[in-house]
Asker: 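Supplied in structure tokens, the structure appears directly below.
Chain letters run A, B, ... following the sequence lines, proteins first and then strands; every chain starts at 1.
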Amino acid sequence: MALLALPTDAHVDRLGSFLMALNHHGQGGKGHYDMAIPALASSIRAHHVLVLSLAAVLLLATFVAAICYGSTAIPLQSVIGALTGQPANGNPNFDIVTSIRLPRAITACLAGAALGVAGLQMQTLMRNPLADPFVLGITSGASLGVALVVLASGSAIGAFLSSGLGLGGGFAIVGAATLGGLLVLAPVLAISARLQNPSTVLIFGLMTGYAVSAFVTLLVAGARPDQLERWIAWGFGSFGAVTWTELQVLAPVAGLGLALACLSTKQLNALLLGENYARSMGLNTRAMRLVTMAVASMLAGVVTAFCGPIGFLGVAVPHMARSILKSSDHRVLVPATILLGALTALFAQLVSLLPSQFGVLPLNAVTALIGAPVVVFVILRSRSGVFTG
Amino acid sequence: MKPFLQTRDLAVGYRNRTVLSNINVQVGPGELVCLLGVNGIGKSTLMRTLARMEPALAGSIEIGGADITGMSSYDLARNVAVVLTERVAVRAMPAFRLVELGRYPHINWSGLLSEADRDIVRDAIAAVGAEHLAHRDINELSDGERQRIMTARALAQRPAVLLLDEPAAFLDVAARVEMIATLRTLAREQNVAVILSSHDLELSLRMADTIWLIDGAGHLHIGAPEDLLTDGSIAAAFSGPNVAFSADDRTFKITSHPHGRAFVDGPGAAAGMARTVLEREGFQMVHSPEEADVSVIVTAAGWEATTHSKRDRGTSFAELARFLRLQTEF
């Protein structure tokens, strides 16, 4: 009996708050707490600024490193010289830096940021920590769009990998990839609105993705061996196939998507409480759902069209951002995801160069090696299980 | 004076299935309304319709004289705030940040708060007595504490009407009393109309200004708790074959008496205890030993029970219950 009667911490705590609730209005004084919130808020802000600045500095360093390293290493002075616009003559590496390494590094930054933000949007919209463009089948849908355009236009499958594509063709493929992504995402989200069980939604997304991939494989099966080879190479994922011409499409589309994501942080924050609460606070959830879907499909679609189906960045990067910032606030989470996404993609690009003279590792293998441990960590860390909402 | 809520011939339900109809209610500022009724009778549907989360099937809902059907979602959110039964699962967010989300309908696209917004957030946290929770992470809070923060978030919306769907559902007894006491105080002090649905009959009857009672036939009875207790509608709505709600002591009584009648004598408190033991064992109380199948006399030393054929005594109520169960003659 005596043991049972001993108050636990929780009891004491509750009793305390109970008494506070009853006495509160008589007391009037707010005491230390008036100071506590601003103090905490500013210490949180300081932490966020520190993290974001560090990420930006690291990103800059990695960006330069990604230009230095490649099939041949280029000295730092040479790279900085080319980047700062010094005249080309006298710099033997000028062309490699400006026409190969620089667009590749920019592409990696844009792709990483785009996939990370698309993953963040999906995770918040579905309130599911494992959601990302790849898992939900957006990437497969985008591949379908790409395959259909390429096959229907009668051109070789590999054509869009080479640089002779032209702007019009580029936008057509991006449009098809985005529509393909939406085609898969729409039913997945429709189901997620009706079924409250997140694991069902994930499995539905995965299965839809597999079915669409199978369809793409059937489409591609009739291709010539050399086309098939290039299709498979595209499937490995690469930032290196994008030149300045493709960047003219990739950069504005990805930029638009990222800008829209930055403008919707208020809405994304409201969605943290679930759609019902978000609606009760004045959010038009249906419009938000549509816009977020479209933006995520566009971001994932444009990256898939030019760099191939790249997995794991979308799911891993937002979690890295959350755990480093220790915050779910999208006002800092979106910029952090952009910075960390770019950083991670550049890092993956660097790692894929490790075999040096033996060629490069498939980018997808590298992102999986980085991303899979993050996913496992997320699952293991959540005490109540990731599917409890 | 802040606007208040009024419905005219409101009907609620889903698609073609009307759950409740002809609802005409008015709620004034500072009023605490408890919505009572058995499970599945339509409490949640009514609450959701008042919050425009479901469309009304017929009639109208007005807040401050304006029909909510045509209101923009921001205007509605500035007038009506809700606390739902669903659990929010937010990771890595201090409680005051969650309360800040309540400013949503009042701030611009950037989501940045002005000093005035921060003051409102601080007042909302103070109004629910959650100052000590403000810096804690949402994930670490108990159900009661989280409910308190969700209520503060709703208050930060500065609504005229605060709707709470079973706010006490996951709370233990102490937290439940605490919750409703807080709501009562803030209805008065913030001049908000508070409407909550509840399962806790006794607590609601004690604390509410007005009861909305949905009876088994789907009719809505409206009145002060004492009015509905007096006219018997509460007793009628909550009594079943084996239980009845007694208006006198505002509690449930067991009404099946398979074991006969009993008489209890002794000092007040102890006799009361003995009576509940006898009621639980299936006896009906009578006022004289002559009518009774068993008579129990309680004293400070213990009890003495007499049946037609047996007599026994003991010191604890557990022994009394055991004695009653062993008597096969009943």
Asker: Which heavy atom of Leu101(B) sits nearest a heavy atom of Met281(A), and at what distance?
Answerer: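 Answer, listing the atom of Leu101(B) first, then Met281(A): O-SD, 3.4 Å.
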Asker: Among Leu98(B), Val83(B), Ile138(B), who wins on heavy-atom pairs under 4.5 Å with chain A?
Answerer: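 Option with the top pair count is Val83(B).
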Asker: Count the heavy-atom pairs under 4.5 Å between each of Gly111(B), Ala92(B), Pro105(B), Gly102(B) and chain A, then report the option with the highest count.
Answerer: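 The answer is Ala92(B).
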Asker: Would you name the heavy atoms of Glu86(B) and Leu273(A) that are closest together and state the gap between them?
Answerer: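 Shortest heavy-atom separation between Glu86(B) and Leu273(A) comes out as OE2-O, 3.9 Å.
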Asker: Counting N and O atoms only, with roles assigned by atom type, does the side chain of Arg97(B) sit under 3.5 Å from a partner on the main chain of Asp329(A), one being a donor and the other an acceptor?
Answerer: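 Looks like no, no N/O pair under 3.5 Å.
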Asker: I'd like to know which of Met150(B), Met93(B), Arg52(B), Arg78(B) tops the heavy-atom pair count under 4.5 Å against chain A.
Answerer: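 Result: the option with the highest number of such pairs is Met150(B).
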Asker: Name the region of Ile44(A), side chain, backbone, both or neither, that has any atom closer than 4.5 Å to a heavy atom of chain B.
Answerer: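 Side chain of Ile44(A) only, per the 4.5 Å heavy-atom cut-off to chain B.
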Asker: Report the distance from atom OG of Ser328(A) to atom CG of Asp137(B), rounding to the nearest 0.5 Å.
Answerer: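 Rounded to the nearest 0.5 Å, the OG-CG separation comes out at 8.0 Å.
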Asker: Judged by atom type as modelled, is there a donor-acceptor pair below 3.5 Å linking the side chain of Gln157(B) to the main-chain atoms of Ser280(A)?
Answerer: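 A pair under 3.5 Å: yes.
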Asker: Non-hydrogen atoms of chain A under 4.5 Å away: do they reach the side chain of Arg153(B), the backbone, both or neither?
Answerer: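 For Arg153(B), the side chain is the part near chain A, not the backbone.
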Asker: Give me the contact list for residues 67-77 of chain B versus chain A, heavy atoms only, anything under 4.5 Å, ordered by residue number.
Answerer: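 So the qualifying residues are Ser73(B), Tyr74(B), Ala77(B).
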Asker: Given 3.5 Å as the limit, does a donor-acceptor pair link the side chain of Tyr277(A) with the main chain of Leu84(B), or not?
Answerer: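 Yes, because the side chain of Tyr277(A) sits within donor-acceptor range (under 3.5 Å) of the backbone of Leu84(B).
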Asker: Select, from Val88(B), Val80(B), Leu163(B), the one with the greatest count of heavy-atom pairs under 4.5 Å involving chain A.
Answerer: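 The answer is Val88(B).
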Asker: Does Tyr104(B) offer a backbone N or O that forms a donor-acceptor pair with the side chain of Lys266(A) under 3.5 Å?
Answerer: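 Here the side-chain-to-backbone pair exists.
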